[in-house]
Each structure stands twice: as structure tokens, then as C-alpha cells.
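Reviewing the structure listed below.
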Amino acid sequence: MSSKKADKRPEARLPKGMRDIEAPELRAMERMLGTIRRVYESYGFEPLDTPAFEYTDALGKFLPDQDRPNEGVFSFQDEDEQWLSLRYDLTAPLARYVAQNFDGLPKPFRRYQTGPVWRNEKPGPGRFRQFTQFDADTVGTDNVAADAELCMLAADAIEALGIPRGSFVIRVNSRRILDGVMTAAGLGEDENARQRLTVLRAIDKLDRLGIEGVRELLGAGRKDESGDFTKGAGLNAAQIAAIEAMFGFSITVETGADGLRTPKTEGQFPKGFPSIADVPALNEGLTEVGQIIALVEAADYGDRVRFDPTVVRGLEYYTGPVIEAELTFEATDESGAPVRFGSVGGGGRYDGLVSRFKGTKIPATGFSIGVSRLYSALQALGKLETDAVSGPVVILAMDKARLGDYNRVARTLREANIRAEIYLGTSGMKAQMKYADKRGAPCVVIQGGDELARGEVTIKDLIEGDRLSGEIADHQAWREGRPAQFSVKENELVEAVRSVLARHAKASG
RNA sequence: GCCGCUGUAGCUCAGUUGGUUAGAGCGCUAGAUUGUGGAUCUAGAGGUCCCCUGUUCAAGCCAGGGCAGCGGUACCA
């Protein structure tokens, strides 16, 4: 029988696409962020933090013809009716910060930043509405050395996290190459803007759908397994062949007698289309990617960074080189099904983002790691020490009148750098033992009337006790035998606890 | 947004052609055991059978509508 009162109780539940992160993951995540931070710091980037929300117009998310914030971002109105939005990445707030503080900043300005971002989209497996990014950006230079550096930074960060060389690749392309190819294919005019977007989306899906699927999307369209039809770009066979020709473009680096490296590009369109040298955007794009490849090869990153004309990235603001960090190994999930991790980070050059706020041109380039995705990958690779922190030593509250003494015991352990806590509940000894077990305590400290009278403390090694329990079937014997416990004088407490901790550190290491 | 699948205890699930008081395992709480986490045994708590409407003497089961979750797809700064 449910009362009306009960019906009014709120349901304890998470908003969809949100999640709680508990101690083991939180600790592993923090170690991971520390590793990435050290790499970013080593390249000279400075930390910056900005607020979770910004004025919506500063984030640049207005629909062209509507006075309301775009869907996809969480927005609300301030008391003065101005629209505010939760940040959906860390780049837009950076652009605002740089524009606002431009005169006082060193140029180029280099900063790193991590924190949660929010997107109001349908959540999926491994996709949440709140997630963490870790960005490094260089603002105020159009030097491709900045883009090349980001490729190396990405490789260093991923490797520092324990992903071995050969299990990941940093793929580089340029938006100008894509634009040039589309121009060559006859899609350069303004009226083809929509078609160009469709073409980019189709190319972006090459790794997932294969060449056949991309052909369908470039042509009439494609029907997926669920029966849903995706309209294609409507290109003719010759145009499709021209786009496909791009997949064969290559860049090689030649080292001359003087030790200087010169990039050499190769590729050609089918008959009836211009040569690549005759399309300015394409030429510039290949040149800048060639320079990046030459720079990373000179620094011995050539095995981890390579040109890939199918990299597209976001459609909205990239203007030059685009980079994507991809994991190339496969793993299996709990049910044994294969999982591909794919992209764990990306970025590129966005020359228009800061300029939105100022009249002058301020080029910028950046790279962003998708922290949660990378975390799942590390987990699948077994590169996370999730149990690196053991539970605290639990001091049993045997006698309430003696809480003062127990506090002294706790303090002694803490001063010796040992995590320790007094049982703070009100239940009896049995429940306290269960509590210590559940907390993952390596041992408990027992000081009841017997020990007090002798000036001693009893230490029970829970891990050793658990092991011994396998050999004891009879509960009476288990209980009365008091396995894995011993008593020492009060002043030997720290030493005794340390010996227990050391025993298990060895056993697990 | 579109397509498909699934909704029964905290979790995983069973539930007969529609038939009385809806079950199991695990988990949880307590006792056997007043100073001992495991094992064993016993007991207990825990249910809007997703919601609404309909069919029927009778609905967890049938029909219609809705909602939610999952999977795929689209979009993704």
C-alpha cells in the first residue's frame, strides 16, 4: 500500500548521460591527468582554468536565423535575460580569454587546460553528456611548427600513459587539401556548400563503412542495417572517382646531401580533372602537411605521425592542418566482443576563432584528449593500477569510553604516514570487522579491556586472515583460533602495522 | 530525429493454453556465535509485474496508446 506521501518522494536517479565516478576510477583518472599534465608542462604550456559557463554569444552558438541558443548546448537565462551556456569544449572559452586579455599575453600564447565539458546530445555507449577533455593550444602564430609540435605532444602523452609505440598513430591532414579536392571535383562554388558538407561527412566514415559505403554516400545515398536511409551527396561517377583519387595521395620526405629534409607529394586525379599543382588550395594544403611530416621526421616521430587524407574532424571551424590520435589495437569487452577504440583525441588549426572577437587575424592551433575514452582504452589494456591505494587501517571502537585512547592510536599511525580511521558507527565488534573488510583495510587495530590491562594492542592482518580462511572449514575453529593476529606493546604499534603493510606490498608486487 | 529490441525484488532472471496469496539464485539485515571479517545453517526485509486505456467472470500474460532503457543509424563544435 503506497501512501500519497511516498508517491511524492523524489526518485534517486541520475540525469541520463551523466554518471558518478567512484574511488578506484577517480584515483586512476587523477593519476592519468597527472601524467598528461607533466607532458604538456614539459612542452612549456601554462595552465589556465576558465568557468563552466560563458555568455552564449561568446561561445558562438547561435542559430543563424534564430535568437535562441543552439540545441546541443545546455543553456539558461541570467536574471538580466542574457543567455548563458555550459561550455561544450575548452577551445571556445580559450578564444574568449585570449581576445579579452590579448594585450597582456605573450605571443604566441601557449596554455593547457582540463575540465568537464557538456553537450546536450543523445548519450550512447561510451558517450556521455558530461565528459572531460585535456587541451593544449598555441595561439598567435601561423607557423606549421606549432602544428607539428602538437603531433609530437600527442604522441608523447599517449606513450607516457603506457600505450606502446605501434598501438597508436597520429594522423595528419589539412582542411585545405579536402577543400582543394572538392574544388577540383567541381564543388567549389557557393551553391555546393551543402554538398561539400555531405562529402566531408562521407569521407569521415571511411574507416567504419569502408570504400563501398563511402561511394554510396558520395552518390545517391546509403541504407543501413536498421533500414534507415541516409541521403548522399549526389555526385556523378567521375566526381566520385576524383574524390577517391585523394585516398591515394602520399607524402614522402627526402633528405638531401646537406641534411635538410624536403617533403615530396604524389598523387593525381583521373582524366578530365586538373593536376594537383593547378589547384592552389590543394597545393598549399599538401605543402603544409609536408612541412609537418618533415618536422616530425627530423625529431624522430616519423613512425608515429603520418599523413592521412581521410582525416576530417569537426565541420565547423578548422581552417588548416587537422590531426587525430587513434588507437590501433583491438580489445575485447566483458562479454568477449571486440572493441575498437579509434579516436582518443584530435585537433587542428582554427584561424577564425579568436578573430571573431577582434578585427585582426589571430591564428591558433590546438589538440584535445578525450580523457574518458582514453581511460576506457587503458582499462582494456590493463594499464591502470586501480587498486594502488589500499583501504585505511581501521581501529575498532571496542569501548566507547576509550575513544580518546583510540584517537591517540589513530594520530600515531597518521603521523607515521599510514591511513588510519576509527570505526565511527555504533554497531558491535562483528559488524566492525565486516566494515573493515568492506573498506579493504589491510589490518585492524584492536584494543579492548584485555589489551589495555597489558598495555598492548592487537593487530589482525585481514589479508592474511582471508587467505587462512580457505583452510578452515569449522567456524568455531576460525573464530577461536584468531588467525593472523598478534599483540604488541603500545609503543611498537607503528612498527607492527608497517610490517603487515610491507608483507602485502611484497605479495602483490 | 529514424529503425529495431527489451521492460517482473538492489542485481541476473523464471513465471504453463489468461486462473487463488508472483517465485529462484545472488546480494542485504539479523540470529546460531555477549571479543572477531570467511564457510555453513536458520529467519527476515525487499514488488506500482514500466504507465494508461481496453477485452474478459478473471490480465504479469491478450489488444491499443504512451513512457523508459538498450542497440544501430543520423548529427557531433
Side-chain angles (χ1 to χ4, degrees), chain A residues 1-3 6-7 11-13 16-17 59-61 70-73 85 87-93 95 117-127 129 131 133 135 197-198 200-202 204-205 208-209 213 217 221-231 312-318 337 343 346-348 350 352-353 366 368 370 391 394 396-399 423 427-444 446-451 458-485:
Chain A
M1 198 200 305
S2 69
S3 70
D7 286 341
E11 188 186 346
R13 61 190 183 129
K16 75 174 167 186
L59 291 180
K61 295 308 285 189
N70 199 344
E71 50 187 276
V73 302
S85 295
R87 64 187 182 200
Y88 51 83
D89 68 12
L90 299 174
T91 310
V117 301
W118 295 267
R119 295 186 189 177
N120 190 5
E121 292 166 347
K122 182 189 151 185
R127 280 185 54 166
R129 297 201 295 173
F131 54 98
Q133 294 193 328
D135 288 27
L197 278 180
T198 311
L200 289 178
R201 286 181 189 131
D204 198 28
K205 293 186 176 72
R208 193 155 47 82
L209 301 180
L217 286 173
R222 175 177 179 273
K223 195 177 208 169
D224 67 50
E225 325 119 52
S226 73
D228 195 18
F229 183 76
T230 311
K231 200 163 178 289
V312 176
R313 299 295 303 166
L315 303 173
E316 229 158 290
Y317 61 59
Y318 290 117
S343 172
Y350 48 96
L353 217 54
S368 175
V394 172
L396 301 195
M398 301 293 289
D399 179 352
Y423 173 77
S427 300
M429 185 170 179
K430 186 184 171 79
Q432 298 191 32
M433 291 298 296
K434 281 191 170 188
Y435 170 81
D437 189 41
K438 213 162 203 174
R439 287 297 311 275
C443 61
V444 295
I446 304 167
Q447 192 175 40
D450 302 348
E451 286 87 355
T458 296
I459 292 158
K460 176 157 185 157
D461 180 340
L462 294 186
I463 299 168
E464 177 69 2
D466 184 44
R467 196 182 64 76
L468 291 174
S469 79
E471 300 161 10
I472 303 170
D474 178 58
H475 187 72
Q476 199 71 20
W478 154 252
R479 218 177 139 212
E480 285 170 4
R482 298 191 176 176
Q485 76 183 58

Checklist outcome for this item: note: A:Y423, atom OH; B:G37, atom P; distance rounded to Å ~ 14 Å

Checklist entry - Is the ring centre of A:H475 under 5.5 Å from the base ring centre of B:U40, and are the two planes under 30° apart, so that they stack? => result no

Checklist entry - A:D466 near the nucleic acid: base, sugar-phosphate alone, or nothing, with a heavy-atom cut-off under 4.0 Å? => result base

Next on the checklist: Using OP1 and OP2 only, check whether a side-chain N or O of A:W478 sits under 4.0 Å from B:G37.
Outcome noted: yes

Item to check | A:R201, nearest nucleotide to its side chain (from B:G71, B:U33, B:C76) | outcome: B:C76

Next on the checklist: Heavy atoms from C-beta onward define the side chain here; which of B:A77, B:U73, B:G37 lies closest to that of A:R479?
Outcome noted: B:G37

Item to check | Separation of B:U73 P from A:L217 CG (nearest whole Å) | outcome: 12 Å

Checklist entry - Of all heavy-atom pairs between A:Q485 and A:K460, which one has the smallest distance, and what is that distance? => result OE1-CD, 3.3 Å

Checklist entry - Is any side-chain N or O of A:R87 closer than 4.0 Å to OP1 or OP2 of B:A77? => result no

Item to check | Quiz item: A:R482 side-chain donor-acceptor pair to B:U36 base, under 3.5 Å | outcome: yes

Checklist outcome for this item: For A:E451 and A:G448 the tightest heavy-atom approach is OE1-N, 3.0 Å

Checklist entry - Atom CG of A:D135 and atom P of B:A77: how far apart are they, to the nearest Å? => result 13 Å

Next on the checklist: When the C1' atoms of B:A24 and B:G47 are compared, how many Å lie between them, rounded to an integer?
Outcome noted: 15 Å

Checklist entry - Got a donor-acceptor pair under 3.5 Å from the side chain of A:Q432 to the base of B:G35? => result no

Item to check | Straight-line distance of A:M433 CE to A:I446 CD1, nearest 0.5 Å | outcome: 5.5 Å

Checklist entry - Is A:K434 side chain donor-acceptor paired with the B:G27 base, going by distance under 3.5 Å alone? => result no

Checklist entry - Within less than 4.0 Å of OP1 or OP2 of B:G38, is there a side-chain N or O belonging to A:K460? => result no

Next on the checklist: I want to confirm an ordering. Mapping A:Q447 and A:K438 to their closest nucleotides on RNA chain B, which one lands closer to the 5' end?
Outcome noted: A:K438

Next on the checklist: Need the pair for B:C5. Rule: Watson-Crick or G-U wobble, both distances under 3.5 Å, any strand; none if unpaired.
Outcome noted: B:G69

Checklist outcome for this item: Against the side chain of A:K122, the closest entry in B:A77, B:U36, B:G71 is B:G71

Checklist entry - Taking atom types as they are modelled, is there a donor-acceptor pair under 3.5 Å from the base of B:U36 to the side chain of A:E480? => result no

Checklist entry - On a whole-Å scale, what distance lies between the C1' atoms belonging to B:G71 and B:G25? => result 28 Å

Item to check | Distance, C1' atom - from B:C75 to B:C3, rounded to whole angstrom | outcome: 16 Å

Item to check | Rounded distance in Å - CG (A:D461) to P (B:U36) | outcome: 19 Å

Checklist entry - Contact class for A:L396 (heavy atom, under 4.0 Å): base, sugar-phosphate, or nothing? => result nothing

Checklist entry - Heavy atoms under 4.0 Å, any strand shown: does A:G449 hit a base, just sugar-phosphate, or nothing? => result base

Item to check | B:A30 versus B:U21 - spacing of their C1' atoms, nearest Å | outcome: 26 Å

Item to check | Watson-Crick or G-U counterpart of B:G46, or none if no pair lies under 3.5 Å | outcome: none

Item to check | Complementary nucleotide of B:C57, counting Watson-Crick and G-U pairs under 3.5 Å | outcome: B:G19

Checklist entry - Would you say the base of B:U73 and the side-chain of A:K205 have a donor-acceptor pair closer than 3.5 Å? => result no

Next on the checklist: Counting only side-chain heavy atoms from C-beta out, which of B:G37, B:A77, B:G35 sits nearest to A:M429?
Outcome noted: B:G35

Next on the checklist: Taking only side-chain N and O atoms of A:R127, does any of them lie within less than 4.0 angstrom of OP1 or OP2 on B:C70?
Outcome noted: no

Next on the checklist: For the P atoms, the ones on B:U12 and on B:G7, what distance do you get once it is rounded to whole angstrom?
Outcome noted: 12 Å

Checklist entry - Base, sugar-phosphate, or nothing: which does A:Q476 touch, judged by heavy atoms less than 4.0 Å apart? => result nothing

Next on the checklist: If I pick the C1' atom on B:A68 and the same atom on B:C49, what distance separates them, to the nearest angstrom?
Outcome noted: 16 Å

Item to check | Inter-nucleotide P distance (B:U48, B:A9), Å rounded | outcome: 8 Å

Checklist entry - What does B:G31 pair with, Watson-Crick or G-U, if both distances are under 3.5 Å? => result B:C41

Item to check | A:Y350 versus A:G366, closest heavy-atom pair with distance | outcome: CE2-N, 3.7 Å

Checklist entry - Relative to the 5' end of RNA chain B, which residue comes earlier, A:E451 or A:S469, by the nucleotide with the nearest heavy atom? => result A:E451

Item to check | Options B:U36, B:C2, B:C76, nucleotide nearest the side-chain atoms of A:R119 | outcome: B:C76

Item to check | Whole-Å P distance, B:G38 and B:G31 | outcome: 12 Å

